[in-house]
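Throughout, a chain's letter reflects where its sequence line sits, starting with A, and its residues are numbered from 1.
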2 protein chains.
Amino acid sequence: MPRTLQKQRRPEETRKRLVAAAQELVLERGFSASGVDQICERAGVTKGAFFHHFKSKDEIGIAALGAWAEFGMAAYAEARKAPAKPPLARVHRFFDIMTGFVTDSTSPVTCVVGMMSQELAQANPVLRGVCSGYLGDWTDFAKELLEEAKAAQKPRVDFDAAEAAWFLNALWQGSMLVAKTRQDPHIVIRNLAHARAFIDGLFSGTATLPPRKSPQPRTKRRTK
Amino acid sequence: MPRTLQKQRRPEETRKRLVAAAQELVLERGFSASGVDQICERAGVTKGAFFHHFKSKDEIGIAALGAWAEFGMAAYAEARKAPAKPPLARVHRFFDIMTGFVTDSTSPVTCVVGMMSQELAQANPVLRGVCSGYLGDWTDFAKELLEEAKAAQKPRVDFDAAEAAWFLNALWQGSMLVAKTRQDPHIVIRNLAHARAFIDGLFSGTATLPPRKSPQPRTKRRTK
DNA sequence: CCATACATACCAACCAGTTTGTATGCCTCG
DNA sequence: CGAGGCATACAAACTGGTTGGTATGTATGG
């Protein structure tokens, strides 16, 4: 049947291209609105290749989530390389990394896990479970950073690190959602700044919110 | 063509049933995964009725968003009826109302605006704009409550009411997203409690987070 | 030579939307 | 007051395109 020449076979590469295409489409239109045909078209392969590598659409969803989480956690793990000297240094680095996701990108910052969680949490138990796991991983990481800070410096008011981490996770996801809907990435940056000050305030007890009126939103910004 | 008897005609009722069905389906599976046929089936009408009342699927999406926002804002407006005597009384009432959405419901608390924002913010400019407007309405309401509190009592540290309102909006949306994915509504309740304490702390300067182990659901608030 | 890695064609179900027909209730007008 | 007209409110069948998934082939490389 194949009239055209088959290109050189790069199964690993083909798989990666499919996963990357799926991630892109999910970020743009969500999972259910992303057709298998569209994924194939963007990846430059045919449906035969798709169903050779993934036995269903759900399965590439799982793969997309996994690759996304792996990439993300690798970025967050950089926070561990910050010095431990000021107890909150690594927490601050963590906030810097999240802020960097916004400032280093022209397109709105979004998350495959957040996208698929929103769509599928109630309708697809399997994918819901996968999303739940990755949200938990993120929270565990934040929780550990907070606990290390607590161990290094007793906070002014005791707090539960896990609860604070879930607070940050929800704020992070919600900020991305709101910012892209409002088409204003500064919402994320400001919310992260406030959250950072909030955490700082738990330890230092000085200020809990940046006192000034925050930076101008309107004009396009360029930061790296 | 119609072999069956046509039921009594109640256009207003039919329209409401379609909008309600659309809201339900959007909350369960999202907008793009909700077919017109499914909406009609759940509303108990045929496609002829659907396209008589709405000229496209997008249009019922707009109607669903509008009805949802109207219902929600009516519930939030109850916060205005709280006494103004302690400056933060109405802000506390506002938190009580949100907490009540969680405690008064068996199913996970979700939001049509958040759902459709997530899916359509990048792919559908029209619906994105509608969502953006309703997110703005919510934030304006919260901002006004905070500004009234600021006027009644000078906060310990000055803060921008609009920024704080966007912070709360993102936290609220993100909390619903995370909670349903984790299948743990307490995440929302705890996050709201922490946010409440955060706002309190801006005024009083005492505690910024409830000490350890978080509280159980607050006093039950009436519905509607 | 044979498992792997694809390509192509195809399928039934479903998609949003249209067409066509008819039942209903109100509004004249005699 | 009753007959008839007529816009509204639906029902049902249908259309062209798309959906996830399959069947069947063949090219490739070890």
Exercise for the section: Please tell me which of the listed nucleotides, C:dT18, D:dC10, D:dG21, lies nearest to the side chain of B:A49? Expected result: D:dC10
Sequence neighbours excluded and cut-off under 3.5 Å, please list the side-chain donor-acceptor pairs for residues 125-136 of chain B, or say none.
residue: B:R128; atom: NE; partner: A:T181; partner atom: O; Å: 2.8
residue: B:S132; atom: OG; partner: A:R182; partner atom: NH1; Å: 3.3

Can you list, pair by pair, the side-chain donor-acceptor contacts under 3.5 Å of residues 91-101 of chain A, counting residues two or more places apart and other chains?
residue: A:H92; atom: NE2; partner: A:D200; partner atom: OD1; Å: 2.7
residue: A:H92; atom: NE2; partner: A:D200; partner atom: OD2; Å: 3.2
residue: A:D96; atom: OD1; partner: A:R196; partner atom: NH1; Å: 3.4
residue: A:D96; atom: OD1; partner: A:R196; partner atom: NH2; Å: 2.8
residue: A:T99; atom: OG1; partner: A:F95; partner atom: O; Å: 2.8

Handout entry: Which residue lies more 5' along DNA chain D, comparing A:K57 with B:T14 via nearest heavy atoms
Key = B:T14
Problem - Salt bridge present between A:E119 and A:R29 (N-O < 4.0 angstrom) - result: no
Problem - Geometric cation-pi criterion, B:K57 with B:F51: 6.0 Å, 45° - result: no
Practice task
Between C:dC6, D:dA11, D:dT22, spot the one nearest the side chain of B:V45, thanks.
Solution key: D:dA11
Practice task
Answer yes or no: does a side-chain N or O of A:Q38 lie under 4.0 Å from OP1 or OP2 of D:dT19?
Solution key: yes
Completion exercise
Of C:dC15, D:dG20, D:dA9, the nucleotide closest to the side chain of B:D37 is C:dC15
Exercise for the section: Scan B:E59 against the nucleic acid and name what it touches under 4.0 Å (heavy atoms): base, sugar-phosphate only, or nothing. Expected result: nothing
Practice task
May I ask you to say what A:G35 touches in the nucleic acid, namely base, sugar-phosphate or nothing, with a heavy-atom cut-off under 4.0 Å?
Solution key: sugar-phosphate
Practice task
Check every strand shown and say whether A:K55 touches a base, only sugar-phosphate, or nothing at a heavy-atom separation below 4.0 Å.
Solution key: nothing
Handout entry: Sugar-phosphate only, base, or nothing, as touched by B:S34 at under 4.0 Å among non-hydrogen atoms
Key = sugar-phosphate
